[in-house]
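Contents: one structure, followed by commentary.
Please read these numbers as outputs of a predicted model, since none were measured by experiment. We're numbering straight along the sequence, starting at 1.
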Amino acid sequence: MKRRCMLSKKKQRRYLARKEQQWLEELAAFSESRDEDALHRLRLGIKKIRALARLSAEVRGQRLARDFRPLKKMFIQAGVIRDTRSEINLLEAHQLLSAEYKEQRVHQILAAADKFTSQVKKYRKKGKKAGRMLLADVHSI
């Protein structure tokens with residue numbers, strides 16, 4: 001009897017390629033405009049790639065491959081910027097934010113964004129390599 005897979009190799013590859021293109025576009029958008037929505041969409045795209053990689057690893061009974069590490073580092077760096085901005089917004093909404101603290105946190109956001117954008121070229125290169133490695137490691141589920 002022929003086994004039927006729910007997620008074929010072809011579907012997974014197409015999905016990963018589409019998500020890779022999406023996060024590359026969002027990375028470029030953030031580096032050009034410092035748009036925080038682009039940063040949010042970048043992180044969402046990476047989360048979706050990670051979820052598929054974890055699902056695939058669990059089904060095969062293997063650990064998550066090292067292929068994802070470059071994307072994880074970029075995800076964490078982007079999270080620093082996003083979390084700090086969210087903190088400021090939350091404190092402002094509850095009128096708990098002093099002017100000095102806000103200035104300090106905004107300075108941290110700008111510094112983290114500068115560091116992030118200075119490494120965009122490296123993130124693109126390592127992310128594309130991770131994408132190729134993930135595509136090569138895809139198996140039917």
Is there a side chain to side chain contact (heavy atoms under 4.5 Å, CB included) between K9 and Q12? Walk through the geometry before answering. CA-CA 5 Å; K9 206 174 190 181; Q12 289 179 63; 5.6 Å; no
Give, for atom [atom1] of [X] and atom [atom2] of [Y], the distance between the pair rounded to the nearest 0.5 Å.
X: I88; Y: L97; atom1: CD1; atom2: CG; result: 6.5 Å
X: R124; Y: L24; atom1: CZ; atom2: CG; result: 5.0 Å
X: K73; Y: Q119; atom1: NZ; atom2: CD; result: 10.5 Å
X: M133; Y: K126; atom1: CE; atom2: NZ; result: 11.5 Å
X: T117; Y: I81; atom1: OG1; atom2: CD1; result: 8.0 Å
X: D35; Y: L42; atom1: CG; atom2: CG; result: 11.5 Å

Can you pull out every ring pair (Phe, Tyr, Trp, His ring centres under 6.0 Å) where at least one residue sits in residues 88-116? Sequence neighbours excluded, please. F30-F116, F116-Y123
Any ring pair (Phe, Tyr, Trp, His ring centres under 6.0 Å) involving residues 31-54? Give me the pairs, sequence neighbours left out, ordered by first then second residue. none
With sequence neighbours left out, what residues match [X] under salt bridge (Lys or Arg N to Asp or Glu O under 4.0 Å)?
X: D83; value: none
X: E20; value: none
X: E58; value: none
X: E36; value: R85

[Y] reachable from [X] in the ILVMFWY side-chain graph, under 4.5 Å edges:
X: I76; Y: I109; result: no
X: L90; Y: V80; result: no
X: M74; Y: V120; result: yes
X: L91; Y: L110; result: yes

Just checking E103: does its CD atom have more than 12 heavy atoms from other residues, nucleotides or ligands closer to it than 6.0 angstrom? no
State which residues pass side chain to side chain contact (heavy atoms under 4.5 Å, CB included) with K125; sequence neighbours excluded, sorted by chain then number. none
Tell me every residue that passes side chain to side chain contact (heavy atoms under 4.5 Å, CB included) with K121, counting only those two or more places apart in sequence or in another chain. none
Donor-acceptor pair between Q22 and K19 side chains, under 3.5 angstrom: yes
Considering all heavy atoms of both residues, which atom of A130 and which atom of L71 are nearest to each other, and what is their separation? CB-CG, 4.2 Å
On a heavy-atom basis, which atom in R43 and which in G79 lie closest, and how many Å separate them? NH1-CA, 3.0 Å
Among all residues two or more places apart in sequence or in another chain, which pass the side-chain hydrogen bond (donor to acceptor under 3.5 Å, both in side chains) test with [X]?
X: E25; value: Q21
X: E26; value: R41
X: K102; value: E92
X: D37; value: none

Are I49 and Y15 close enough, and set up right, to give a side chain to side chain contact (heavy atoms under 4.5 Å, CB included), and what steps lead you there? CA-CA 9 Å; I49 291 170; Y15 180 81; 5.7 Å; no
